[in-house]
Amino acid sequence: MGTRQEIVALPPEADLARADSLAREIFSDVANKWALLLIEFLGQRTMRFSELRDEVGGISHKMLTQNLRMLERNGLVERTVHATVPPRVEYTLTEAGQALRAVVDGMCGWTQRYLGHIEASRRQFPG
C-alpha cells in the first residue's frame, strides 16, 4: 500500500483506507476464493465455461457465472464468443489479469509452503 505520505497523495478513489474508494471495491471483488482460483486456472490457458467448472472443484454454475462477469467487468478476464452452433464461449486473462495472477501465484505458493504450519496451529487452537 505504501507509506502514509504516499497514501495521502493518492486520489480518493485509489485509497484502500477509504470505505467509499473504487480501489477498495476492486480489492473486495477480487479477494474472494472463487475469483482467486479462476485467475489461477485462467492464467494457465484459455478455457471454456464447462472446463472451468470442472477444474474448480465445488463452484456452482451461479457462482462461476457471477465471478466471471465480475472479473470481466473489472477488465481482468476477456470473454470471446465464437459464432458456431451452439455458440462457443472462451475466457482468457487480460494483461491486467495476468499481472494479478503473479500475485495470486505468490499466494498459492505461500499457502503450500505454510500449510503444515497452519494445520499445526489449528490443531492447537482451543475451541
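Both backbone and side-chain heavy atoms feed into the values below; hydrogens, waters and symmetry mates do not.
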Euclidean distance, L37 CG relative to N32 CG, rounded to 0.5 Å
9.0 Å
CD1-CH2 distance between I118 and W110, expressed to the nearest 0.5 angstrom
3.5 Å
Nearest-0.5 Å distance, OG1 of residue T94 to CZ of residue R101:
13.0 Å
Per the side chain to side chain contact (heavy atoms under 4.5 Å, CB included) rule, which among V30, L38, L36 passes with V104?
L36
So, for S21 and P12, which heavy atoms are closest and what is the spacing to 0.1 Å?
CB-O, 3.3 Å
Just wondering, do F49 and V89 contact through their side chains at under 4.5 Å, heavy atoms?
no
Can you find a heavy atom in the side chain of E78 that is under 4.5 Å from one in the side chain of E72?
no
Would you say that I26 contacts L76 through its side chain, given a criterion of any heavy-atom pair below 4.5 Å between the two side chains?
no
I need the Q98 CD to L93 CG distance, nearest 0.5 Å.
4.5 Å
A14 versus A23, closest heavy-atom pair with distance:
O-CB, 3.4 Å
Provide the closest heavy-atom pair for D29 versus A35 in the form atom of the first, atom of the second, distance.
O-CB, 4.0 Å
E51 with R88: basic N within carboxylate O range, under 4.0 Å:
no
Mind checking the CG-OH spacing from L52 to Y91? Nearest 0.5 Å is all I need.
8.0 Å
Can you classify the ring geometry of Y114 versus H117 as parallel (below 30°), tilted (30 to 60°) or perpendicular (above 60°)?
perpendicular
Just so I know, are the side chains of M47 and R53 near enough to count as touching, which here means a heavy-atom distance under 4.5 Å?
no
Distance col, row R79:CZ vs T92:OG1, nearest 0.5 angstrom, shows 14.0 Å
With a 4.5 Å limit on heavy-atom distance, are the side chains of E55 and Q44 in contact?
no
Could you check whether any side-chain N or O of T111 sits under 3.5 Å from a backbone N or O of M107, counting only pairs where one atom can act as donor and the other as acceptor?
yes
Should V103 and F41 be counted in the same cluster of Ile, Leu, Val, Met, Phe, Trp and Tyr side chains packed under 4.5 Å apart?
yes
